[in-house]
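One-based numbering, in listed order, for ligands and for the atoms of each. These numbers come from a predicted model, not from an experiment. In what follows, residues are counted from 1 in the order of the sequence shown. The analysis underlying the following values was restricted to heavy atoms, covering all of them including side chains, and did not include hydrogens, waters or symmetry mates.
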Amino acid sequence: MAIKRVQSTCNFCALDCNLDFYVDEATNQIVKTVPVKGYPVNDGFCCIKGLSLSKQQTTVKPNTLPRIRQEDGSFKNVSWDEAFTHVADKMKELQAKYGTESVAGISTGQLTMEEFAIFGHVMRNYLHTNVDGNTRLCMASAAVAHKGSYGFDAPGYTLNDLELSDTIIFIGANPVVAHPILWGRVRNNKIPGHKVIVLDPRRSETAMNADYWYGLKWRSDLLLLYTIANQLIEKDWIDHKFIEEHTEHFDEFKSFVKAYTLERGVEGTGLSAEQITELVELIHNGKRVSFWWTMGVNQGYEAVRTAQAIINLALMTGNIGKPGTGSNSITGQCNAMGSRVFSNTTMLTGGGEFGNPARRKRLAEVFGVDESMLAEKPTKTYNQIIEGINDGSIKGLWILCTNPRHSWTNNETFAEAAKKLELFVVQDIYDTIESAEDCTVFFPVVPGIKKEGTYINLERRLSAMRPVLKRGENEISDYEAILGVGKALGMGDALKGWETPESCFNLMRECSRNMPEDFTGVTWKMLEDSHGIQWPYPEGREEEFSDEQRRLYADGKFFTPTKKAQFVFEEVRENPYQPSAEYPYVFNTGRGSVGQWHTQSRTKEVKFVEDVSLKTPYLYMNTEVAAEHDIHHMDKIRVYSINGQDAVFSVKITDNVQRGELYAPIHYIECNKLTPSNYDAYSKEPNYKGAVVRFEKL
Ligand SMILES: Nc1nc2c(c(=O)[nH]1)N[C@H]1C(S)=C(S)[C@@H](COP(=O)(O)OP(=O)(O)OC[C@H]3O[C@@H](n4cnc5c(=O)[nH]c(N)nc54)[C@H](O)[C@@H]3O)O[C@H]1N2
Ligand SMILES: Nc1nc2c(c(=O)[nH]1)N[C@H]1C(S)=C(S)[C@@H](COP(=O)(O)OP(=O)(O)OC[C@H]3O[C@@H](n4cnc5c(=O)[nH]c(N)nc54)[C@H](O)[C@@H]3O)O[C@H]1N2
Ligand code: SF4
Ligand SMILES: [Mo]
């Protein structure tokens with residue numbers, strides 16, 4: 001039998017591990033999956049989700065056609081052309097009847113760069129409407145923090161920094177579960193006496209494997225970070241030279257944090273004075289200190305400022321741009337980094353504000369369109385889109401590669417919205433997802449294993465997705481589906497250059513020219529069978545950028561007009577959801593296991609994950625609290641949330657959550673039934689980890 005090998009990218013988490021797939025060409029089946037040895041991210045390893053990618057072939061039904069809901073509620077299968085025309089006509093009709101912004105899209109950080117670029121072109125440039133992404137639920141706080149502090153949404157690290165750091169501090173991040181390959185890099189750290197430190201209210205799997213765990217009170221990170229900053233300044237444990245040469249607004253920051261005394265820190269965080277002092281000393285004693293944060297920071301009501309407070313610590317101690325240092329935001333989805341720069345949602349494709357004349361001119365040239373066609377303002381945010389549907393101003397929605405009925409905060413508000421839509425297009429690789437229940441059009445598309453495009457990982461590394469399996473009749477990709485609707489809309493010449501993912505890649509290269517992410521030196525072919533390439537990689541300067549592991553900010557220059565990083569800070573705010581007599585418990589949420597992915601549409605079919613996963617929702621409760629309520633392992637409780645909703649969960653008893661906390665994995669739809677409609681003021685990212693609840697035993 002003829003076996004071919006195809007190297008491609010895992011499209012689950014932001015590591016973007018590369019894998020070699022061995023395919024029996026006669027049967028079009030994957031016979032073996034081998035993580036690529038020597039690949040700078042995963043060097044011969046990967047997690048169960050990457051290994052299970054081969055299982056997806058069993059779920060794609062060949063010859064699946066799109067379908068349109070009929071007046072009697074049933075679905076009718078139609079040809080792809082008919083479906084494209086239907087969606088295009090309906091969008092134009094709604095815009096004519098209710099206004100330009102009466103249709104909207106919700107995109108994703110899990111498609112290829114080319115796919116959300118063309119979606120942004122069709123929806124934002126041509127139709128002049130709104131498209132936000134599920135990245136709003138995830139990375140928006142980090143993106144806004146980066147822009148404010150560094151001048152561009154550019155995390156500066158390379159994964160190697162985990163092996164070069166002597167003091168590794170994880171804040172609201174649980175890589176043992178969420179990014180196992182990243183945790184592997186921590187395990188590879190050979191620096192004698194290096195320390196791993198975790199700040200998390202929960203004794204997470206990562207905390208259990210760390211040298212130090214600080215179990216602070218929920219949402220008290222900002223207070224703690226300002227207290228630490230004040231202590232470092234008082235002890236004069238700061239890098240005056242770096243601050244002087246490469247930053248601005250330190251003096252104001254210094255006066256500001258004076259009020260954040262140790263006593264105040266102790267009172268607000270629940271940590272002892274000794275613990276805070278120990279942490280300050282650990283930061284001071286480290287020669288190469290790195291700070292890493294994820295959703296425990298991004299999903300809060302003062303998340304942007306918290307992320308910036310982490311950046312401030314790195315700046316004031318000079319821990320940035322050097323090996324083993326950095327204030328490093330860990331990205332979640334496989335292409336969140338690509339979506340942040342190329343989706344044309346919060347900034348112009350490739351970067352730049354919507355009103356920036358030079359960028360508008362450049363993009364109009366690249367796309368061969370009139371400047372007036374380009375989107376004129378940032379998108380309405382995710383919450384505004386859902387609110388817009390519920391208040392009747394938005395009548396049409398197209399979602400792709402995301403499952404908001406499950407993942408959106410206070411998710412009954414999405415259920416309500418879905419029923420009000422006149423046009424609701426769901427484009428997914430499963431028609432069984434909760435979001436598809438009320439759709440009016442379903443676009444079945446092929447999974448990553450059958451398509452091509454480019455991914456950008458958490459350390460800015462571009463890598464290639466290439467078709468591993470052949471497609472069946474009628475099987476089309478996300479790219480082709482969006483292009484099809486674009487053509488049916490009559491975009492004509494505005495689609496010149498967008499014919500294929502490869503031609504789109506070339507447009508994106510040009511969009512990146514002279515921008516921070518400049519990858520004009522990378523070609524489509526170069527990425528094949530490669531080690532991936534980190535941006536920037538500008539044309540003509542390839543030699544200068546030839547190292548396989550590169551970090552930004554080594555020269556102390558940032559992307560602000562003055563090239564200096566900014567100290568950004570603001571008084572801590574009152575938590576909108578303080579535990580009270582009525583709602584005494586914090587409802588913490590997050591990842592449940594290495595094998596489960598978000599809303600589980602993909603991972604629930606992986607037998608060895610499903611065999612060990614519970615089918616019904618559960619949460620973790622502290623052992624003492626369970627005893628006080630006479631609750632035993634797997635007893636059921638009804639949980640009532642401050643958002644007015646309630647749901648039933650089974651209880652797992654553990655010492656790893658604090659007395660005042662319940663921890664619910666997000667992989668069950670009940671979880672977000674209970675999360676509130678509450679957002680960070682600047683990023684509009686949901687405060688997913690901060691609801692308060694009460695419960696009764698059933
Ligand atoms: N197996 C698996 N891996 C995944 C995913 C998945 O669904 N499954 N999803 C991917 C995606 S898109 C993302 S964004 C990442 C998320 O990766 P992580 O952010 O690491 O995962 P979470 O479990 O959401 O949250 C991390 C921790 O934040 C803590 N936390 C809660 N409140 C606070 C607080 O107030 N302060 C602090 N300091 N910590 C707090 C929680 O207790 C939790 O342990 O994972 C990615 N990897
Ligand atoms: N309470 C709480 N809620 C949370 C979080 C939390 O920590 N706490 N985390 C938030 C975060 S960080 C994130 S990123 C979101 C994730 O939320 P979602 O994005 O809604 O979750 P997924 O299950 O990843 O949804 C991806 C969808 O894309 C489909 N899909 C997979 N591959 C393809 C493809 O190639 N093409 C198309 N068209 N579809 C495809 C899958 O079948 C699935 O339906 O959840 C958020 N929700
Ligand atoms: S660590 Fe992330 S990218 Fe690597 S195999 Fe697992 S899910 Fe895929
Ligand atoms: Mo995420």
Specify side chain, backbone, both or neither for [X], according to which of its non-hydrogen atoms lie closer than 4.0 Å to ligand 2.
| X | result |
| --- | --- |
| Asp428 | both |
| Thr599 | both |
| Cys138 | both |
| His406 | neither |
| Val445 | side chain |
| Ile429 | both |
| Leu111 | side chain |

Is there a side-chain contact between [X] and [Y], using heavy atoms and a 4.5 Å cut-off?
| X | Y | value |
| --- | --- | --- |
| Trp218 | Tyr577 | no |
| Arg136 | Thr346 | yes |
| Leu162 | Ile168 | yes |
| Met621 | Ile637 | yes |

Side-chain donor-acceptor pair present, Asn672, Asn411, cut-off under 3.5 Å: no
Residues Asn11 and Arg602: side-chain donor-acceptor under 3.5 angstrom: yes
Taking only heavy atoms of [X] into account, list the atoms of ligand 2 that are under 4.0 Å away from them.
| X | answer |
| --- | --- |
| Ile433 | 44 (O) |
| Lys451 | 34 (C), 35 (O), 36 (N) |
| Tyr430 | 42 (O) |
| Gln333 | 14 (S) |
| Ile666 | 1 (N), 2 (C), 3 (N), 6 (C), 7 (O), 8 (N) |
| Gln110 | 19 (O), 22 (P), 24 (O), 26 (C) |
| Trp597 | 24 (O) |

Please find out if less than 6.0 Å separates the ring center of [X] from that of [Y].
| X | Y | result |
| --- | --- | --- |
| Tyr585 | Phe695 | yes |
| Tyr583 | Tyr640 | no |
| Trp597 | Phe12 | yes |

Between [Y] and [X], is there a salt bridge with N-O shorter than 4.0 Å?
| X | Y | answer |
| --- | --- | --- |
| Arg405 | Glu437 | no |
| Asp200 | Lys689 | no |
| Glu114 | Lys451 | no |
| Lys684 | Asp132 | no |

I want to know if ligand 2 touches [X] in the polar sense, i.e. an N/O pair below 3.5 angstrom.
| X | result |
| --- | --- |
| Arg602 | no |
| Arg591 | yes |
| Thr675 | no |
| Thr589 | yes |
| Gln600 | no |
| Thr402 | yes |

Under 4.0 Å from a heavy atom of [X]: which atoms of ligand 3 are those, numbered in the order shown and with their elements?
| X | result |
| --- | --- |
| Lys49 | 7 (S) |
| Ile181 | 1 (S) |
| Phe12 | 7 (S) |
| Gly50 | 5 (S) |

Rounded to the nearest 0.5 Å, what's the gap from [atom1] on [X] to [atom2] on [Y]? Could you check?
| X | Y | atom1 | atom2 | answer |
| --- | --- | --- | --- | --- |
| Asn298 | Ile330 | CG | CD1 | 10.0 Å |
| Cys504 | Glu115 | SG | CD | 9.5 Å |
| Leu159 | Asp43 | CG | CG | 12.0 Å |

Where the closest heavy atom to [atom] is concerned, which of [options] has it?
| atom | options | answer |
| --- | --- | --- |
| atom 9 (N) of ligand 2 | Gln299, Arg136, Met295 | Gln299 |
| atom 19 (O) of ligand 2 | Leu674, Thr331, Asn134, Asn411 | Asn134 |
| atom 25 (O) of ligand 2 | Asn403, Leu400, Thr108, Asn11 | Asn403 |

Metal site atom 4 (Fe) of ligand 3: N/O/S of Cys47 inside 2.8 Å: no
Salt bridge (Lys or Arg N to Asp or Glu O under 4.0 Å) between Glu480 and Arg471, worked out: CA-CA 13 Å; Glu480 290 156 347; Arg471 296 203 219 151; 2.8 Å; yes
N/O/S atom of Cys10 inside 2.8 Å of atom 2 (Fe) of ligand 3, strictly under: no
Protein contact of atom 2 (Fe) of ligand 3 - nearest heavy atom, named by residue and atom, plus distance: Cys13 SG, 2.3 Å
Protein residue, atom and distance nearest to atom 4 (Fe) of ligand 3, heavy-atom basis: Cys17 SG, 2.3 Å
Tyr157 and Asn328: CA distance, side-chain angles, deciding distance, side chain to side chain donor-acceptor pair (under 3.5 Å) verdict: CA-CA 6 Å; Tyr157 63 95; Asn328 305 328; over 6 Å; no
Donor-acceptor contact present, side-chain Ser329 to main-chain Trp293, <3.5 Å: no
Test item, Asp16 contacting ligand 3 (heavy atom, 4.0 angstrom): yes
Cys46 near atom 8 (Fe) of ligand 3: N/O/S under 2.8 Å: no
